[in-house]
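These numbers come from a predicted model, not from an experiment.
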Amino acid sequence: GSSLEMDRGTGETWGKHMPEDKSGWTLGAVLEKQALARGDQPFLTMRDGPSVTYAEAHAIANRLANGLIAQGVRKGDRIAVMLPNCLEYFHTWVGISRAGGVHVAINTAYKGAFLRHVLSNADAARMIVHPNFLGWLAEIEQELPTLTTVFVLGGVPPDSPTFTRIRLQSFEALLDAPERAPTVTVSYQDTGVIMYTSGTTGPSKGVLMPHGHLYLFGEGCRENLRLTPEDTYYICMPLFHANALLMQLYGTLVAGARATIAPAFSASGWLADVRACGATVTNTLGVMTEFLFRQPPHPLEREHNLRVVQAIPTASELAQPFMQRFGVQLVEAYGMTEVNIVLYLPLDATHRPGSCGKPYSRYFEVCVADPETDEPLPPGQVGEILVRPKEAFGFMAGYNAMPEKTVEAWRNLWFHTGDAGRVDEDGYFYFVDRIKDCIRRRGENISSYEVETVVAEHPAVAEVAAIAVPSEFPGGEDEIKVCIVSREGQTLDPVALLDYCVARMPHFAVPRFVESLSTLPKTPTAKVQKAKLREAGHGAGCWDREAAGYQVRRDG
């Protein structure tokens with residue numbers, strides 16, 4: 001038999017892939033290489049704020065790494081990071097990496113049970129945090145026995161909450177260390193980051209991301225978007241997510257380009273920002289593209305340097321009008337924290353409405369398979385999108401402390417994305433829907449289990465099921481609905497329920513719709529039949545917080 005085989009799902013050949021030299025596929029090595037090649041070139045700029053060159057970023061990373069090592073950090077130690085978008089986020093990421101540590105990325109909206117779960121699962125002894133989040137940390141201190149030291153950005157504020165066991169120290173004191181390169185050896189095989197992605201029938205899972213996997217996020221964007229040192233990336237998504245940190249920021253680093261980082265996305269301020277920083281590339285996620293298109297016409301909306309916007313996903317009816325209006329190319333892609341970005345729409349291809357592209361076949365295999373049998377399906381048939389890597393350590397290493405979830409996702413030697421899709425005769429893939437019981441809202445994957453866990457603790461709630469219902473915005477956006485059976489003798493007040501939720505969960509996870517039911521539909525084995533609840537949608541029996549004028553403030 002030939003050693004060259006044909007993949008039935010994609011038409012891609014495989015079997016003779018030659019492994020690459022991955023010795024330079026670590027964050028510290030890439031920054032060091034760029035610092036030597038283009039030391040004085042501006043690298044990162046905060047919008048309306050400070051800026052660093054490649055050489056300065058490299059020096060700060062070394063100092064931070066040595067400061068952490070002096071504090072007792074050893075190779076493999078997990079360090080949780082809960083910071084807003086700022087230059088220190090990058091410095092912290094590389095400093096931890098150069099010390100051989102693992103950066104645990106924490107969503108800055110997490111509090112209560114959400115925050116407790118990720119910190120407990122990560123088993124981090126140290127944390128770097130913005131002072132704004134100290135209150136949330138103090139509330140759960142007694143439930144975090146492994147966390148001993150917290151480094152506070154800007155120093156410990158005089159009005160800091162009281163901690164009984166955790167020591168607070170100044171983050172800046174870590175920088176009072178030598179600039180020499182740390183002696184710790186870091187390999188592409190070592191875990192560099194843990195990011196948390198929503199669970200389906202359980203809590204959020206910590207994705208173990210080797211340095212090789214991290215590198216391919218950046219290299220994939222560099223290659224497929226044709227980034228060069230002349231490019232400027234505008235980054236307005238949160239750095240604790242893979243899109244901003246790995247696709248955009250690491251892509252900038254691998255290309256030797258420059259980036260401007262905004263504190264957050266603003267639809268009304270986006271055009272002014274991209275014009276002011278001279279951005280040539282940026283990304284949008286979910287409804288961001290729709291929000292931009294809904295902005296009033298502006299006389300300068302084609303007067304910019306943008307050549308490409310990587311928009312994931314783009315509603316098929318929106319793509320052409322958006323490109324014509326703003327005079328920019330939209331490029332779709334598909335990926336997950338676990339698998340990397342494995343599909344890109346080729347820059348030279350004619351835009352195909354609804355397609356998220358072709359496999360990035362240099363590094364990944366992708367197919368569409370029957371969700372029951374894992375057998376590849378012919379073009380046109382909808383099945384589950386499955387992925388596997390061609391390069392060792394170019395993929396997640398598993399879910400932290402959840403071996404059974406890792407095995408489940410990896411059955412039959414393919415990673416199961418839980419997403420439904422199809423592929424056409426020309427090899428272009430189309431995302432159809434989610435198979436998993438997961439909710440996608442405003443760029444966040446939300447675990448229905450975690451929403452249910454908080455709501456179930458309300459004293460008036462006997463049973464609860466959280467489901468996704470379609471948003472009025474296109475592009476696969478969801479809203480969160482909770483279906484509730486009240487305790488006997490109790491009447492559920494939706495406003496009181498949401499007040500309870502706001503205090504205990506991230507703003508983006510607070511339900512929009514609340515419906516009271518006498519019973520939840522169940523299978524003979526007592527599992528809630530969420531498909532039936534989804535079919536019911538959000539009709540007249542639902543309380544809608546937006547219609548009621550209930551405001552949920554963004555955290556942080």
Donor + acceptor pair across side chains of [X], [Y] (<3.5 Å):
X    : Y    : result
H103 : Y89  : yes
E450 : S204 : yes
E515 : H538 : no

Sequence neighbours excluded and cut-off under 3.5 Å, please list the side-chain donor-acceptor pairs for residues 211-220, or say none.
from: H211; atom 1: ND1; to: L27; atom 2: N; distance (Å): 3.4
from: H213; atom 1: ND1; to: N340; atom 2: ND2; distance (Å): 3.1
from: H213; atom 1: NE2; to: T337; atom 2: O; distance (Å): 2.9
from: E219; atom 1: OE1; to: R222; atom 2: NE; distance (Å): 2.8
from: E219; atom 1: OE2; to: R222; atom 2: NH2; distance (Å): 2.8

> Take atom CD in E404; do more than 12 heavy atoms of anything else shown fall under 6.0 Å from it?
Replying inline: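 Check passes, neighbour count above 12.
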> With no hydrogens and no angle check, is any side-chain donor or acceptor of R165 less than 3.5 Å from a backbone partner on E141?
Replying inline: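 Answer holds: yes.
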> Is the cationic atom of K390 (NZ for Lys, CZ for Arg) positioned less than 6.0 Å from the six-membered ring centroid of Y363 and within 45 degrees of its normal?
Replying inline: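 No, a cation-pi geometry is absent between K390 and Y363.
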> Residues two or more places apart in sequence or in another chain: which of them pass side-chain hydrogen bond (donor to acceptor under 3.5 Å, both in side chains) with Y188?
Replying inline: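 In terms of side-chain hydrogen bond (donor to acceptor under 3.5 Å, both in side chains), with neighbours along the sequence ignored, Y188 is linked to no residue.
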> Can you tell me how far the OG1 atom of T252 sits from the CE atom of M247, to the nearest 0.5 Å?
Replying inline: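 T252 OG1 to M247 CE: 11.5 Å, rounded to 0.5 Å.
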> CZ/R98 to CD1/I69 distance, rounded to the nearest 0.5 angstrom?
Replying inline: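 Reported value, rounded in 0.5 Å steps: 9.5 Å.
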> What are the two closest non-hydrogen atoms of I446 and A509, and how far apart are they?
Replying inline: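 I446 and A509 have their closest heavy atoms at CG2-CB, 4.1 Å.
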>> So which atom in Y344 and which in C221 form the shortest heavy-atom distance, rounded to 0.1 Å?
In response: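 Answer, listing the atom of Y344 first, then C221: OH-N, 3.4 Å.
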> Does R362 come within less than 4.0 Å of E20, counting only side-chain N to carboxylate O?
Replying inline: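 Salt bridge: yes.
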> Under the salt bridge (Lys or Arg N to Asp or Glu O under 4.0 Å) test, which residues partner D424, sequence neighbours left out?
Replying inline: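 Per chain and number, D424 pairs via salt bridge (Lys or Arg N to Asp or Glu O under 4.0 Å) with R352.
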> How about Y250 and W93: are their ring centres within less than 6.0 Å of each other?
Replying inline: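 Yes.
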>> Could you check, using the six-membered ring where one of them is a Trp, whether W136 and F114 have ring centers closer than 6.0 angstrom?
In response: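 No, ring centres 6.0 Å or more apart.
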